[in-house]
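Only one structure is covered here, and it is reproduced in the block below.
These numbers come from the heavy atoms of this one structure, side chains and all, not from hydrogens, waters or symmetry mates. Convention: sequence-line order gives letters A, B, ...; per-chain numbering from 1.
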There are 2 protein chains.
Amino acid sequence: MKKLDIFKKLRTSGLRPTKQRVEIAKFLFDREKTFHFTVESLEKHLTKKTNFKFALATIYNTVHAFKKAGHLNAVDVRGKKTYFDTNITNHHHFYDDETSELIDIDASEVVIQKIPRAPNGKKIKNIEVFINLKN
Amino acid sequence: MKKLDIFKKLRTSGLRPTKQRVEIAKFLFDREKTFHFTVESLEKHLTKKTNFKFALATIYNTVHAFKKAGHLNAVDVRGKKTYFDTNITNHHHFYDDETSELIDIDASEVVIQKIPRAPNGKKIKNIEVFINLKN
DNA sequence: TTTCTAGTTTATAATAATTCTAAAGTAAAA
DNA sequence: TTTTACTTTAGAATTATTATAAACTAGAAA
Ligand SMILES: [Mn+2]
Ligand SMILES: [Mn+2]
Ligand SMILES: [Zn+2]
Ligand SMILES: [Zn+2]
């Protein structure tokens, strides 16, 4: 991902390109593979990788702005912390309860043959499959 | 569900049949349809239905003992509160984000034709399908 | 029965994740 | 360069949950 794309992500999220935000955006979007994270784990990565200070509130605000703009997704996994996902395509997950680790499954790798129709007055927004793992 | 079954649920959870626990067990297990709840919503139902007082800690403790014994399941849905489910069979859910409402889908109503195999050294524990709804 | 004991309930404190606040700092318009 | 609106930050507030410890009670023992 090019530098310009980072700035585009910020702009389309309604965020000025401040020092902290640019670092957060670079860390999240300048990568090949999906990154699943919590605000806490992101903070640790950021302070390790850069020499800046990041207030938790800044990370929360920035991550939420990205999510609102559709540049990040939230994933529901057991536990108290909120997980975010840089993969914003429709996809599924392996989930390892013991390590709290998520692994992406491309939508094409899951084929569903039959589902019930939505309750009256409701429509299907999307389908999420979780394959829970054990050892 | 008969009164004796309530006591069995308590016994198999390692819980003495106290006034509060019997009321909680009756409320949760003496019903036809699945009940999805949070500790907070359960507390409201209990105080409305009975004339007893239920400390939140008692409800948390009792619900967790039932879960540990396999009489309740936890469901992962967006939001900060933990949801529990009286349906302990393998099944799936419709989920309405706007109302935070869960609706059961029997396992037989979902047929999956293809899934990837588990990562090396891991096995599949179970598969959960969430069908997210919109209006 | 009454007594005893381990287990239970409860109010309240502690903790953990997240959100709020308001003062000090900064990007970008004027 | 000055001004202005937006941003960062430390710390306070909030929310869900868990821990604590004193008062209470179910069931065993006497
Ligand atoms: Mn969750
Ligand atoms: Mn959740
Ligand atoms: Zn993912
Ligand atoms: Zn259910």
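- At the phosphate of D:dT18, OP1 or OP2 sits under 4.0 Å from a side-chain N or O atom of B:H64.
- Remark on DNA chain C: of its neighbouring residues B:T18 and B:K80, the 5'-side contact belongs to B:T18, judged by nearest-heavy-atom nucleotide.
- Remark: B:R21 is in phosphate contact with C:dT9, judged by side-chain N or O atoms under 4.0 Å from OP1 or OP2.
- The nearest whole Å value for the distance from the CZ atom in A:F54 to the C1' atom in D:dG11 is 20 Å.
- The side chain to side chain donor-acceptor pair (under 3.5 Å) test with B:H36 is passed by exactly one of B:N87, B:D104, B:T86: B:D104.
- Atom CZ in A:F52 sits about 18 Å away from atom P in D:dT7, given to the nearest Å.
- Atom-to-atom, CG of B:L42 to P of D:dA16 comes out at 15 Å; the value is rounded to the nearest Å.
- Contact annotation for B:T82: backbone-only contact, meaning every heavy-atom pair under 4.0 Å involves sugar-phosphate atoms and none involves a base.
- As rounded to whole Å, 15 Å separates atom P of C:dG25 from atom NZ of A:K53.
- In this structure, B:Y60 and B:K19 both approach DNA chain D, and ranking their closest nucleotides by distance from the 5' end singles out B:Y60.
- Here C:dT19 presents its C1' atom at 16 Å from CD of A:E40, a figure rounded to the nearest Å.
- Ion pairing between B:R78 and A:E128 holds under the 4.0 Å rule for side-chain N and carboxylate O.
- Because its NZ or CZ atom is both nearer than 6.0 Å to the ring centre of A:F35 and within 45° of the ring axis, A:R31 counts as a cation-pi partner of that residue.
- B:V111 and B:V129 fall into different hydrophobic clusters, defined by Ile, Leu, Val, Met, Phe, Trp and Tyr side-chain heavy atoms under 4.5 Å apart, directly or through other members.
- As rounded to whole Å, 19 Å separates atom P of C:dT8 from atom CG of B:L56.
- Remark: aromatic rings of B:F37 and B:F84 are close, center separation under 6.0 Å.
- Separating the CD1 atom of B:I24 from the C1' atom of C:dT9 is a distance of 11 Å, rounded to the nearest angstrom.
- Proximity of B:Q20 to the phosphate of C:dT10: a side-chain N or O atom is located under 4.0 Å from OP1 or OP2.
- As rounded to whole Å, 19 Å separates atom P of D:dA16 from atom NZ of A:K81.
- Along DNA chain D, the nucleotide nearest to B:R16 and the one nearest to B:A57 differ in position, and the one closer to the 5' end is contacted by B:A57.
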